[in-house]
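Numbers here are sequence positions counted from 1.
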Amino acid sequence: MRVLIKLITMNAGFTAIDYAVFIAYAILIVSLGLWISRGKKGVEESSKDYFLAGGTLSWWAIGASLIAANISAEQFIGMSGSGFVVGLGIAAYEWIAAITLILVAKFLLPQMIDKKIYTMPQFAKERYGSGVSFFFSFFWLLVYVFVNLTSVAWLGAIAMDQILGFPMEYGVPALLLFAGIYSVYGGLKAVAWTDVVQVVFLVGGGLITAWFALDAVAGDGSAIDGFLLVLSKVREVPGDVHFNMIIDENIDATVFKDLPGLAVIFGAMWLTNIGYWGFNQYIIQKGLAAKNLKEAKRGLLFAGYLKILIPIIVIVPGITAYVMFNHPDLRGAIDGLSGAIDRPDQAYPWLLRNFAPEGIRGLGFAALAAAVVSSLASMLNSTATIFTLDIYKEHINKNASEKKLVLVGRLTAVFALIIAIISAKPLLGGLDQAFQYIQEYTGFIYPGVVVVFGMGILWKRATNRAALWTTIATLPMGIFMKMLLPELPFIIRMGYVCMALISLAVILVLTDSHKIEAEKISEKNREKLLLGGKLFTGLTIITLVAGIVWGTDLFGVSLAHLGFHSIFMMTFMMAFLAVIMFTNANSKKQDGKAYSFDPELFQTDKTFFISAMGIVVIIVALYAYFW
């Protein structure tokens with residue numbers, strides 16, 4: 001009761017209508033989640049029902065659930081805070097992700113659905129063996145519990161503290177328990193279908209909050225006038241990079257360390273996105289739960305379009321707050337307002353608290369809560385999925401019944417909740433920009449994830465020995481590179497780690513003995529593979545030459561200040577794919593556990609092509625304007 005009194009007295013700006021809107025949202029989500037979770041009378045819930053929604057999701061549910069799971073306090077609070085400090089350049093994570101979703105939909109997801117994969121560790125076990133599977137199960141559980149769950153709950157609690165005055169020591173457990181109420185009981189079906197509602201609150205409430213913040217800046221003008229004013233205020237200051245997508249080290253070395261110029265286009269940001277959207281359990285699980293492959297592909301493209309909107313919702317408000325606090329002629333817009341921004345991650349809550357009108361403030365907070373709760377629910381479900389199916393069933397109780405598996409899944413989610421509640425403050429209490437913490441520390445595993453899982457899907461010669469040693473080398477290599485090159489931007493450092501892991505994997509695969517005769521492929525498919533090999537060889541040569549000319553000082557035209565040397569990672573990736581294509585076409589031997597590789601599986605229709613090109617054209621236009 002004392003907490004409730006403090007909450008109300010500290011925040012006179014949050015009216016009864018705002019509370020009513022938020023409470024209505026909370027009741028709606030919990031009620032919907034519990035209603036969907038109810039089982040059919042006389043029908044026992046199976047593990048597929050609990051962990052993969054029974055394979056019933058449509059494209060719009062997949063796309064909405066992907067975005068609701070992805071957009072959390074990490075974006076609303078963390079990315080808005082990075083927008084306050086760094087600027088629009090941080091949108092690279094969102095816009096590169098939109099293109100990544102096209103690649104995942106076309107090349108990775110078809111193989112996974114065709115092979116009936118439930119979890120990423122399951123895929124690792126089927127393709128390589130129990131050693132690689134257990135290692136990645138352990139990896140993902142650590143990341144979900146100690147990085148994802150803790151950071152999302154912590155950032156959400158910051159918002160509750162800033163907007164409502166709700167103490168953080170209560171905010172973290174409140175959010176985790178809210179997410180757990182329906183996700184622990186209902187599994188992925190409850191998560192996915194509540195996400196459809198959550199994404200409406202998330203996008204709608206987020207856009208409305210951004211609109212009113214920009215409207216406040218404009219004074220007598222509109223929100224669009226406010227955006228143009230913010231843009232002009234930033235661009236009239238020499239060296240201000242808040243509306244630059246490509247950061248020059250010579251102009252702002254501090255921002256360059258987080259967003260090293262052209263490295264966001266040519267470098268390891270692709271690893272982060274492919275690892276996250278292609279092989280991250282709590283993300284790709286939505287695609288694996290599709291009715292069919294066609295629905296899954298369309299769902300990912302729908303998510304790609306939604307990703308383009310996210311910077312408007314979360315980054316532009318952060319830049320707006322920065323302009324308000326740093327331009328004296330706009331100080332009148334913030335005089336007499338409640339609170340201040342002592343840390344970047346306080347930017348979005350400050351805007352919502354001060355500029356959203358009565359009723360809309362409650363809707364905006366519901367959007368933020370929707371982002372937090374939907375992500376926590378997805379993470380809890382995936383944590384339960386991996387532990388239950390890949391550790392408990394594989395190593396503890398191979399004969400567990402379906403009922404037992406569902407029970408273990410629910411208990412796992414509860415334990416994950418408790419651990420996250422306890423560890424959130426010690427891990428995140430002293431950080432200013434939690435978004436960068438999340439990116440850097442998940443970046444320690446993504447190079448290995450992309451190499452091991454990528455070659456497992458695409459390369460029929462990839463072996464257990466190569467995958468196991470590449471997996472084992474991933475963390476030590478990342479730590480070694482950080483110690484060796486501590487001042488190097490982590491995105492470029494990740495690229496060097498990837499180059500080393502690709503080299504290790506290729507050497508091990510090509511020196512391994514393959515005793516299984518390769519499956520015969522049609523001449524048509526062989527020609528497609530050879531054509532792909534030639535294409536990737538050409539790209540290897542182009543990126544290598546470009547890297548030598550503009551990424552080094554050999555010719556006196558170095559663009560290292562723009563991070564151009566990051567293109568060498570692209571050289572290694574293209575060479576890796578060329579080797580895979582040529583050996584798939586010509587090798588007479590293959591690994592005994594290799595998946596059949598059929599290029600026909602990657603065929604797409606005209607609708608897919610037009611939709612995908614729409615995403616690419618929009619992203620290219622945005623980069624061209626904000627370069």
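Between the CG atom of L101 and the NZ atom of K297 there is a distance of 14.0 Å, given to the nearest 0.5 Å. Going from atom OG1 of T604 over to atom CZ of R298 covers 11.5 Å, rounded to the nearest 0.5 Å. Here F453 contributes atom CZ and L458 contributes atom CG; the two are 13.0 Å apart, rounded to the nearest 0.5 Å. Distance CG/L488 to CE/M494: 12.0 Å, rounded to 0.5 Å. Taken to the nearest 0.5 Å, the OG1 atom of T571 stands 5.5 Å off from the CG atom of L544. Remark: F266 CZ to I491 CD1 distance equals 14.0 Å, nearest 0.5 Å.
Without hydrogens or angle criteria, Y392 side chain to I386 main chain gives no donor-acceptor distance under 3.5 Å. In this structure, the side chain of S587 does not engage the main chain of N584 through any donor-acceptor pair within 3.5 Å. No donor-acceptor pair closer than 3.5 Å links the side chain of D553 to the backbone N or O of G556. Distance alone, capped at 3.5 Å, places no donor-acceptor pair between the S558 side chain and the L554 backbone. Between the N273 side chain and the M269 main chain, a donor and an acceptor come within less than 3.5 Å of each other. Not a single donor-acceptor pair under 3.5 Å links the side chain of R461 to the backbone N or O of A594.
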Given side-chain contact (heavy atoms from CB on, under 4.5 Å), test M483 with I479 step by step and report yes or no.
-> CA-CA 6 Å; M483 293 172 62; I479 294 169; 3.9 Å; yes
Derivation of the side-chain contact (heavy atoms from CB on, under 4.5 Å) call for C498 and Y446 = CA-CA 9 Å; C498 182; Y446 279 139; over 6 Å; no
Please report the C-alpha distance between V452 and Y128 in whole Å, then the side-chain angles of each, then the deciding distance to 0.1 Å, and finally whether the side-chain contact (heavy atoms from CB on, under 4.5 Å) criterion is met.
-> CA-CA 10 Å; V452 171; Y128 295 123; 3.6 Å; yes
Stepwise side-chain contact (heavy atoms from CB on, under 4.5 Å) test for I96 and Y623 | CA-CA 11 Å; I96 297 296; Y623 262 92; 4.2 Å; yes
Could you walk me through whether K589 and E517 pass the salt bridge (Lys or Arg N to Asp or Glu O under 4.0 Å) check?
-> CA-CA 5 Å; K589 300 285 185 178; E517 291 293 326; 2.9 Å; yes
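In this structure, E523 pairs ionically with R526, as a charged nitrogen and a carboxylate oxygen lie closer than 4.0 Å. Salt-bridge check for K257 with E487: passed, with a basic side-chain N closer than 4.0 Å to an acidic carboxylate O.
L259 and I90 make their closest contact through CD1-N, 3.3 Å (heavy atoms, listed as atom of the first residue, atom of the second, distance). Closest approach of A105 to F608, counting heavy atoms only: CB-CE1, 3.9 Å. Looking at every heavy atom in both residues, P311 comes nearest to I308 through CD-O, 3.4 Å. When all heavy atoms are compared, the tightest approach of A98 to I619 is CB-CD1, 4.4 Å. Scanning all heavy atoms of the two residues, the minimum distance from F279 to I457 falls at CE2-CD1, 3.8 Å. Smallest separation of non-hydrogen atoms from A585 and L529: CB-CB, 3.8 Å.
Within the 4.5 Å cutoff, the side chain of F564 has heavy atoms near those of the I567 side chain. In this structure, K307 and W277 have side chains that are in contact, with non-hydrogen atoms separated by less than 4.5 Å. V264 places a side-chain heavy atom less than 4.5 Å from the side chain of I246. Looking at R465 and V509, their side chains never come closer than 4.5 Å, going by heavy atoms from C-beta outward. Between M245 and L88 the shortest side-chain heavy-atom distance falls below 4.5 Å. In this structure, Y496 and M569 have side chains that are not in contact, with every pair of non-hydrogen atoms separated by 4.5 Å or more. Inter-residue side-chain proximity for N244 and W627 is flagged as unmet; no heavy-atom pair is nearer than 4.5 Å. F576 has its side chain within reach of I580: a pair of non-hydrogen atoms, C-beta onward, lies under 4.5 Å apart.
The 12-atom threshold is exceeded at NZ of K106, counting heavy atoms of other residues, nucleotides or ligands nearer than 6.0 Å.
Under the 30°/60° scheme for interplanar angles, the aromatic rings of W59 and F302 are found to stand perpendicular.
Screening Q590, K593, K460 against I516 for a side-chain contact (heavy atoms from CB on, under 4.5 Å) leaves a single residue, Q590. Here the rule is side-chain contact (heavy atoms from CB on, under 4.5 Å) with L271, and of V451, V497, V450 only V450 fits it.
In this model, a donor atom of one side chain and an acceptor atom of the other lie less than 3.5 Å apart for T583 and W459. Side chain to side chain, D512 and T463 meet the donor-acceptor criterion of an N or O pair below 3.5 Å.
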